[in-house]
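Encoded as structure tokens, the structure appears first; notes follow it.
A note on names: the letters A, B, ... follow the listed sequences, proteins ahead of strands, and every chain is numbered from 1.
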Amino acid sequence: MSRYQAADIEAKWQKAWDEAQVFRAERSGDRPKYYVLEMFPYPSGRIHMGHVRNYTMGDVIARHKLATGHNVLHPMGWDAFGMPAENAAMASGGHPKDWTYSNIADMRGQMKPLGLSIDWSREFATCDPEYYGQQQALFLDFLEKGLVYRKEAVVNWDPVDMTVLANEQVIDGKGWRSGAEVERRELTQWFFKISDFSEDLLDSLDTLDSWPAKVKLMQANWIGKSRGLQFAFERTDGGEIEVYTTRPDTLMGASFVGISPDHPLAKELAEKNPDVAAFRAQCAKGGTTEEALEKAEKLGFDTGLKVRHPLDPNWELPVWIANFILMDYGTGAIFGCPAHDQRDLDFCRKYDLPVKVVYKPENAEVVSLNEVNGIAAAVDDIWKSSAYAVEEREDGPDIERVCVDYCAYVEKIRFSDETANSSSPAATKWLLDRRFDYVVDGSGLFRSMSAEEAFNLISDNIEELGVGQRVTNYRLRDWGLSRQRYWGCPIPVVHCDACGVVPERKENLPIRLPDDVSFDLPGNPLDRHPTWRNCECPKCGKPAQRETDTMDTFVDSSWYFARFTAPRSDTPTVLAEAEYWMNVDQYIGGIEHAILHLLYSRFFARAMHICGHLPEKCREPFDALFTQGMVTHAIYVTRDENDRPVYHFPEDIEVHESGARLGATGEEVDVIPSAKMSKSKNNVVDPTTIIAQYGADTARWFVLSDSPPERDVEWTAAGAEAAFKHLTRVHRLVCEIADSSDAGTPEADEALLREMHKTVHEVSGGVESFGFNSAIAKLYAFTNTLAKSQAGAAAKRQAATALVQLMAPMTPHLSEELWLRLGHEGLVATAPWPVADEAMLVEDTITLPVQVNGKRRGEISVPRDMDKAEVEKTALANDAVKRSLDGAQPKKVIVVPGRIVNVVV
RNA sequence: GCCCGCGUGGUGGAAUGGUAGACACAGGGGACUUAAAAUCCCCAGGCCGAAAGGCCGUGCCGGUUCGAGUCCGGCCGCGGGUACCA
């Protein structure tokens with residue numbers, strides 16, 4: 001009997017599949033098509049366990065669909081533009097192109113041994129001029145349809161290196177190479193008009209039935225539809241300030257009007273007032289990320305300007321410049337209502353601005369006002385309490401009641417204030433400044449009304465006054481695609497002194513990246529290239545300058561799925577091919593792409609449809625989405641002399657009880673226990689050693705069995721050994737069965753075949769619903785059953801055949817080998833998937849647990865179809881149950897047929 | 001900060017609101033062997049108990065339910081995203 005020789009088997013069958021062209025995808029009318037796609041990799045140089053996990057999952061789906069009679073498209077390509085190639089060029093002097101293509105060759109070489117059912121004839125890289133040239137054509141079409149435009153936007157600016165930094169290159173607010181404090185700076189850049197599609201992108205989420213709910217929720221929140229009021233505050237010195245608010249109901253609690261440091265008014269003031277200029281400069285420090293902006297200390301500057309409250313001309317509010325107000329959202333100006341917004345509250349406390357309550361806190365009565373910390377603490381508690389947040393509902397704010405009782409509440413606070421030992425300035429200020437006699441509706445007191453009523457009352461007043469109107473607003477911003485970098489798709493436009501910005505002619509595409517560039521200086525090499533940017537204006541023919549910005553790499557990955565349907569065509573897509581192959585039936589990728597990549601792709605599919613590159617049905621390009629968890633691993637960090645992080649490889653680390661240290665020097669390292677594997681953090685584990693040691697089938701089996709696919713998994717090497725042992729066991733067992741001629745008992749045959757049908761049923765279900773780890777557990781159990789079975793050779797061969805077929809999507813090479821060994825014709829890869837006999841799935845006798853008051857006390861064995869009354873009788877007659885009841889009379893007996901009996905006493 | 005997830009034995013994990021811990025890893029014991037490897041068999045959440053059995057137990061606190069790992073509310077911890085990492 002031959003031993004399990006993974007290396008021989010795998011090479012043999014990969015060759016066989018190749019020769020039979022089993023995975024070559026061609027249009028065909030005789031089978032339903034199925035397009036399965038895994039998010040294509042960035043060619044970092046080495047595949048890691050995350051790739052193996054991702055592609056193996058997709059491969060199981062693809063092979064299962066092939067076996068169930070589908071015409072499967074399962075392509076692979078490379079998301080090949082991006083910063084790491086330039087970083088490598090800077091670090092070691094090579095060329096990004098060489099680095100990238102060499103990495104692609106390496107990774108393809110590491111992926112092929114996995115035996116993936118990929119149609120490699122469709123492979124491409126986004127840095128191929130044949131691909132990015134078509135992308136440039138798309139850009140020009142988008143431009144023509146008004147889907148692209150230019151405007152000013154802020155970037156991270158490194159004032160020492162004089163270059164734009166990616167967010168990732170900003171560490172603790174400092175440039176990663178220079179260590180200089182990063183500034184925000186405005187540049188003119190290209191934008192896709194994704195915001196034109198806000199409503200559609202939001203509404204269409206409802207049609208994506210096979211997407212994870214969490215992804216749809218994240219996208220919906222990202223798009224961030226809000227109903228609000230846009231209106232103007234009149235300045236006492238003339239002019240006005242336009243604000244947007246989702247909370248007009250809190251207008252009577254306004255304490256100030258705030259404008260963004262990037263607001264035109266702030267810029268105007270800065271020209272005359274050096275203090276304002278200095279404040280703006282202070283606000284411009286730090287990175288551009290939302291996180292950095294939100295977490296930054298709240299800074300404000302009192303402009304000295306005043307505005308009139310729109311509902312009370314005698315009520316003046318100060319105008320502040322505040323760093324937490326984003327120019328990109330709404331109008332870049334707000335009114336602050338500190339009582340009902342945490343950020344406004346923080347701000348008002350810091351600058352001693354009044355806090356006016358509009359809503360009565362729901363739990364005002366239960367607040368203890370005699371706490372040792374005095375009234376300030378009580379007020380704090382209330383401010384912090386969730387009662388203050390008015391829940392945003394689909395139909396606008398609701399639930400909470402606008403005050404009436406708040407007068408009584410304020411009295412209560414005041415009463416307590418007299419007895420409190422301390423009176424904090426904030427609390428005193430708040431008490432002194434209440435204006436609860438203000439009239440909204442002329443009645444002399446606030447009416448008791450719901451938040452929605454208040455929302456409408458204020459909005460109506462504002463609209464009647466003619467100073468503003470209700471508007472729908474979206475958080476989603478247009479997609480800035482300009483990058484001041486070399487290794488990306490050149491933006492195909494020309495700047496002409498006479499004609500302005502002119503699109504390149506399509507016949508001049510692709511606009512190729514020049515090869516002769518240097519990375520010895522920071523910044524974009526295209527900018528300082530001696531000749532590349534010189535060209536003729538496509539319109540007037542005079543000398544002109546090429547755009548030197550390249551495209552965001554997200555553009556590359558926003559349409560590659562469509563390109564796979566016609567990867568060699570000299571147009572971006574071919575409608576007939578797209579009509580046949582699209583949409584992607586199953587898309588698989590990391591949860592980290594839940595928002596940006598998937599949203600951008602949805603936008604691109606719409607835009608491509610508008611330009612005639614995709615049929616109508618492709619507006620939502622991914623029918624089903626599965627988001628796999630990430631493979632994580634600890635990160636080991638030390639700090640260099642400038643306090644910048646240095647990441648160490650796992651193999652250089654010694655772990656001890658209280659932490660970890662560097663093996664070479666003994667230096668203690670900080671351990672970040674579990675984080676996404678990332679090349680820049682040096683925590684990537686290489687799967688090739690496992691493949692070399694045990695074979696691809698072991699690696700595939702192990703990554704699928706180890707954890708549920710949607711969950712993150714911490715990589716450990718233990719376990720691969722066990723997977724290999726199991727496959728060896730299956731090999732031995734099936735070979736024994738193939739050679740056996742034993743007779744068995746009819747009972748054993750029956751039992752084995754019942755178990756076989758159950759396994760077929762459960763494994764099929766598991767494969768179809770991404771329950772790979774559970775499916776594999778069933779296969780383990782069935783292997784154990786088969787090994788112990790006393791069934792005859794014929795029944796065992798039948799069971800072994802099913803086992804081999806069920807394992808085939810996961811361990812395709814081993815299965816082919818055993819399929820042949822069992823004497824079957826052709827390839828298991830194309831053999832029809834086994835189908836379970838429903839009649840064999842039901843047992844005649846079932847075991848029911850019996851609970852007494854919800855605790856399991858015994859079990860009974862009853863016929864499957866026994867009626868409820870009989871089951872109840874049997875349960876109550878059970879010895880263990882009687883003992884547990886101890887003579888007590890049951891009040892109620894709940895019988896859940898086929899499930900459980902619960903006796904309540 | 002904000003949005004979204006996740007949290008179950010020593011470990012990975014299983015469990016349409018219905019017997020918590022399937023299946024495996026590591027561990028312990030045994031068989032085979034001169035020995036080892038390989039293979040096979042058995043044990044195994046915690047506590048009490050000789051056993052029968054009992055009590056506790058799915059991050060924490062509370063709720064809904066005959067019944068909660070699962071649903072609801074509030075916390076804590078960890079992870080992802082946060083628009084120039086891909």
Side-chain angles (χ1 to χ4, degrees), chain A residues 39 41-42 44 79 81-84 155-156 164-170 194 212-215 217-222 224 287-296 324 328 342-343 346 386 475-485 552-554 556-557 590-597 599-600 627 629-630 632 673-676 678-680 705-708 710-714 716 718-719 721-723 725-726 728-729 732 771 773-774 776-781 784 787 847-851 853-859 880 883 891-894 896 898-904:
Chain A
M39 291 178 187
Y42 178 79
S44 57
D79 188 13
F81 277 133
M83 286 200 305
V155 293
N156 301 305
V164 176
L165 297 179
N167 286 335
E168 196 188 47
Q169 298 170 319
V170 179
I194 190 172
K214 65 177 170 185
V215 173
L217 188 56
M218 279 191 262
Q219 293 220 351
N221 289 337
W222 185 261
T288 57
T289 65
E290 192 190 336
E291 183 189 9
L293 297 173
E294 285 286 338
K295 282 187 169 169
F324 62 88
D328 295 318
Q342 189 62 46
R343 270 190 327 197
D346 295 344
S386 58
R475 206 185 75 99
L476 181 64
R477 309 197 296 253
D478 278 334
W479 170 13
L481 67 116
S482 301
R483 296 293 180 269
Q484 296 69 44
R485 269 184 266 287
D552 179 6
T553 56
F554 271 120
D556 314 337
S557 56
I591 184 66
E592 69 270 27
H593 295 293
I595 297 173
L596 293 180
H597 162 61
L599 194 62
Y600 290 156
T627 51
M630 287 165 304
T632 62
S674 185
K676 179 170 83 164
S678 162
K679 204 175 183 220
S680 63
S705 67
D706 195 44
S707 65
E710 68 280 6
R711 202 184 293 190
D712 289 356
V713 45
E714 173 81 8
T716 57
E721 169 85 20
K725 278 186 190 172
H726 179 74
T728 305
R729 182 171 174 233
R732 190 178 59 238
N773 57 327
S774 297
I776 285 181
K778 294 285 184 292
L779 288 168
Y780 267 107
N784 291 338
T847 304
L848 287 184
V850 183
Q851 298 181 328
N853 284 338
K855 294 195 176 195
R856 184 182 170 280
R857 295 300 180 196
E859 58 182 38
R883 199 178 328 126
K891 278 200 204 113
K892 194 161 140 192
V893 179
I894 291 148
V896 184
R899 275 284 171 200
I900 204 166
V901 181
N902 191 9
V903 182
V904 186

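- Counting to the nearest Å, the P atom of B:rC84 and the CG atom of A:Asp556 are 14 Å from each other.
- Considering only the side chain of A:Ile591, B:rG80 comes nearest among B:rG80, B:rA86, B:rC23.
- Straight-line distance between the C1' atoms of B:rG79 and B:rA68: roughly 26 Å, to the nearest whole Å.
- Side-chain N/O atoms of A:Gln169 and base N/O atoms of B:rC85 include no donor-acceptor pair closer than 3.5 Å.
- Annotation: the span from A:Gln219 atom CD to A:Leu599 atom CG amounts to 4.5 Å, rounded to 0.5 Å.
- B:rG74 and B:rC25 have their P atoms separated by 42 Å, given to the nearest Å.
- For a distance-only test at 3.5 Å, the side chain of A:Arg475 fails to qualify as a donor-acceptor partner of the base of B:rU82.
- Side-chain contact between A:Trp222 and A:Arg475 is present, with heavy atoms from C-beta onward closer than 4.5 Å.
- Looking at which nucleotide of RNA chain B each of A:Glu294 and A:Lys855 is closest to, the 5′-most match is held by A:Glu294.
- The side chain of A:Arg857 contributes an N or O atom lying less than 4.0 Å from OP1 or OP2 of B:rG54.
- Taking side-chain N and O atoms only, A:Arg729 has no distance below 4.0 Å to OP1 or OP2 of B:rU39.
- Separating the P atom of B:rG46 from that of B:rG9 is a span of 12 Å, rounded to the nearest Å.
- When all heavy atoms of A:Gly590 and A:Met39 are compared, the pair lying nearest together is N-SD, 3.8 Å.
- To the nearest angstrom, C1' of B:rA86 lies 17 Å from CG of A:Leu481.
- Out of B:rA22, B:rA20, B:rA86, the shortest distance to the side chain of A:Leu596 is found at B:rA86.
- The same atom, C1', is picked in B:rC41 and in B:rC32; the two are 11 Å apart, to the nearest Å.
- Scored by the side chain to side chain donor-acceptor pair (under 3.5 Å) test, A:Asn784 finds A:Arg729 as partners (sequence neighbours excluded).
- B:rG10 and B:rC6: their P atoms are spaced 23 Å apart (whole Å).
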Please write out the pairs of protein N or O atoms and N or O atoms of nucleotides 64-70 of chain B separated by less than 3.5 Å, giving the distance to one decimal.
| unit_1 | atom_1 | unit_2 | atom_2 | d |
| --- | --- | --- | --- | --- |
| B:rC66 | O2' | A:Asn902 | ND2 | 3.2 |
| B:rC66 | O2 | A:Asn902 | ND2 | 2.6 |

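- Taking a pair as Watson-Crick or G-U with both hydrogen-bonding distances under 3.5 Å, the stems of three or more pairs touching RNA chain B are B:1-7 with B:76-82, B:10-12 with B:23-25, B:27-31 with B:39-43, B:45-48 with B:53-56, B:59-63 with B:71-75.
- Of the candidates B:rG13, B:rG18, B:rA15, B:rG13 carries the atom nearest the A:Asn773 side chain, counting heavy atoms from C-beta on.
- Nearest heavy-atom pair across A:Asn902 and A:Gly854 is OD1-N, 3.1 Å.
- Qualifying side-chain contact (heavy atoms from CB on, under 4.5 Å) partners for A:Ala880, counting only residues two or more places apart in sequence or in other chains: A:Asn878, A:Arg883.
- Nucleotides B:rG62 and B:rC76 place their C1' atoms 15 Å apart, quoted to the nearest Å.
- When each of B:rA83, B:rC84, B:rG7 is scored by its nearest atom to the side-chain atoms of A:Arg477, the top-ranked nucleotide is B:rA83.
- Note: CG (A:Asp706) to P (B:rA24) measures 14 Å, nearest angstrom.
- Comparing B:rC85, B:rG12, B:rA14 by their nearest atom to the side chain of A:Met83 picks out B:rC85.
- One can place CD of A:Glu721 at 17 Å from C1' of B:rU11, the figure rounded to the nearest angstrom.
- Counting only heavy atoms from C-beta outward, the side chains of A:Thr553 and A:Tyr42 never approach each other to under 4.5 Å.
- Considering only heavy atoms from C-beta on, A:Val215 comes within 4.5 Å of A:Ile591 through its side chain.
- Atom name P, nucleotides B:rC55 and B:rC2: the rounded distance is 44 Å, in whole Å.
- In this model, the phosphate group of B:rA24 is not approached by any side-chain N or O of A:Ser705 to a distance below 4.0 Å at OP1 or OP2.
- B:rA86 atom C1' lies 6 Å from atom NE2 of A:His593, rounded to whole Å.
- In terms of heavy atoms, A:Val155 sits closest to A:Val164 at CB-CG1, 3.8 Å.
- Picking from B:rA83, B:rU19, B:rA24 the nucleotide with the shortest atom distance to the side chain of A:Asn784 gives B:rA24.
- Comparing B:rA14, B:rC84, B:rC40 by their nearest atom to the side chain of A:Asp552 picks out B:rC84.
- Taking 4.0 angstrom as the limit, A:Arg483 places none of its side-chain polar atoms (N or O) nearer than this to OP1 or OP2 of B:rA83.
- Separating the CZ atom of A:Arg711 from the P atom of B:rU58 is a distance of 16 Å, rounded to the nearest angstrom.
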Sort me out a list of protein N/O and nucleotides 3-5 of chain B N/O pairs below 3.5 Å, or just none if empty.
| unit_1 | atom_1 | unit_2 | atom_2 | d |
| --- | --- | --- | --- | --- |
| B:rC3 | O3' | A:Asn221 | ND2 | 2.8 |
| B:rC3 | O2' | A:Asn221 | ND2 | 2.9 |

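- Taking the side-chain contact (heavy atoms from CB on, under 4.5 Å) definition, one finds that A:Gln169 meets it with A:Met83, A:Asn87, A:Leu165, A:Ala166, A:Trp176, A:Arg485, sequence neighbours left out.
- The shortest non-hydrogen separation linking A:Ile900 to A:Leu848 is N-CD2, 3.9 Å.
- Separation of the P atoms belonging to B:rU70 and B:rG54 is 25 Å when rounded to the nearest angstrom.
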